[in-house]
Protein chains: 2
Amino acid sequence: MPTAADRLVRTLSQHGLRQTPVRRSVLQVLADAAFALSGSEIEQQLPAGTDRITLYRTLKSFEESGLIHRVIDSTDVVRYAACSIECSAKAHFDNHVHFKCTICQHIYCLNQVAIPAVTLPAQFQVVSRDYLLAGVCRECQPAV
Amino acid sequence: MPTAADRLVRTLSQHGLRQTPVRRSVLQVLADAAFALSGSEIEQQLPAGTDRITLYRTLKSFEESGLIHRVIDSTDVVRYAACSIECSAKAHFDNHVHFKCTICQHIYCLNQVAIPAVTLPAQFQVVSRDYLLAGVCRECQPAV
DNA sequence: TTGCACGTGCAACAGTGTAGCTTGTTGGGC
DNA sequence: GCCCAACAAGCTACACTGTTGCACGTGCAA
């Protein structure tokens, strides 16, 4: 039976990435997260002493390899979330809606909710789409 | 017949904002822009010597008054665009799709394209929605 | 005209992310 | 198991975006 560590090793090698302690830690943090994390949030969850610059470079190479995707936010902070299993460097399949809770500030990837299509004026050619909802999440609803 | 300057004065007073040179300039720049601008882009178009901090404070108060709205981007930069005429501090009506051209980097407000609704899992309560498309705009299409 | 709340301008600073360089490590080939 | 080239890590320094606190100036209503 493969352990969690085995899965990390396999995921990295499947995407053509080297096995290093930092990469394993970053991947672990993102895989364990229930919602999208910002650079500094990821940093806080890494082993003490992990280099900030290395983290950003790791995130960049993960993104280019299709391991994680950016989640846009209504603020100026970029967040990251682990991609679904079928993503690769060639094709990102993050065609799902994101939901930001205005109370707990968490951003959820609603993998089960696809982004609806829109009809654009002629000659606008669409490559990718982001749909961000804001509101109150399940956990933060006032008790009935 | 009201001049452009008259319109600026009226727009400011209608939103309960004072008439100052900086505010008129910022409003002018945003009203003239065909697409969303970042803080530094606005700064470049202002009269030389305009204070950067004052600009950010001006943008903040414009946003709170419903004169402009934030446009999310897939990068970490916040951009601003003039709101449609019927917006106010009480109700923003920026319920339209944004389109970012990956070639010229311009972000268009497609006012005529409404954001389609989605069905969310129970107990997620939606307050606002952002829909950002990326691709190639009208101007950047390869000649046929 | 006057008062004062609000806007401006300045210095300082915080957070996020990048560039360039040197050192350390991984992993393929022998 | 060893070697080595390519890649990753770790450092300093820096750029950009945006904020805070404070003193001063100004729009505007009375």
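Order of the sequence lines sets the chain letters (A, B, ...), proteins ahead of strands, with each chain counted from 1.
- Nucleotides of DNA chain D nearest to R18(A) and T50(A) differ in position, and the one nearer the 5' end is that of R18(A).
- Judged by distance alone, with hydrogens and angles left aside, R57(B) brings a side-chain donor or acceptor within reach of the base of dG21(D), the pair sitting under 3.5 Å.
- Looking at every heavy atom in both residues, G39(B) comes nearest to L55(B) through O-CD2, 3.5 Å.
- Within the structure, every side-chain polar atom (N or O) of S61(A) is placed at least 4.0 Å from both OP1 and OP2 of dA8(D).
- Atom CZ in R79(A) sits roughly 15 Å away from atom P in dG15(C) (whole-Å rounding).
- Straight-line distance from the CG atom of D51(B) to the C1' atom of dG18(D): 13 Å, rounded to whole Å.
- When side chains are defined from C-beta on, Q45(B) does not count as touching D32(B), because their heavy atoms never get closer than 4.5 Å.
- Each of dT18(C), dT8(C), dA9(D) was ranked by its minimum atom distance to the side chain of T54(A); first place goes to dA9(D).
- Looking at E139(B) and C101(B), their side chains never come closer than 4.5 Å, going by heavy atoms from C-beta outward.
- With ring centers used as reference points, F62(B) lies 6.0 Å or more from Y80(B).
- Between Q19(A) atom CD and dA6(D) atom P there is a gap of 21 Å when expressed in whole angstrom units.
- Neither OP1 nor OP2 of dT16(C) sits under 4.0 Å from any side-chain N or O of S38(A).
- Looking at K100(B) and H106(B), their side chains never come closer than 4.5 Å, going by heavy atoms from C-beta outward.
- If you take CG of L55(A) and P of dA8(D), they are 15 Å apart, rounded to a whole angstrom.
- Put simply, T58(A) has a side-chain N or O that comes within less than 4.0 Å of OP1 or OP2 on dA9(D).
- Atom CD in E41(A) sits roughly 14 Å away from atom P in dG15(C) (whole-Å rounding).
- Residue order along DNA chain C, read from the 5' end via each residue's closest nucleotide, puts R23(B) first among R23(B) and R52(B).
- Following rounding to the nearest Å, L12(A) (CG) and dT26(C) (P) show an atom-to-atom distance of 13 Å.
- In this structure, L46(A) places its CG atom 13 Å from C1' of dA9(D), rounding to the nearest Å.
- In this structure, S40(B) reaches the dT17(D) phosphate: one of its side-chain N or O atoms is under 4.0 Å from OP1 or OP2.
- We find that CZ of R70(A) is positioned 14 Å from P of dT16(C), with the value rounded to whole Å.
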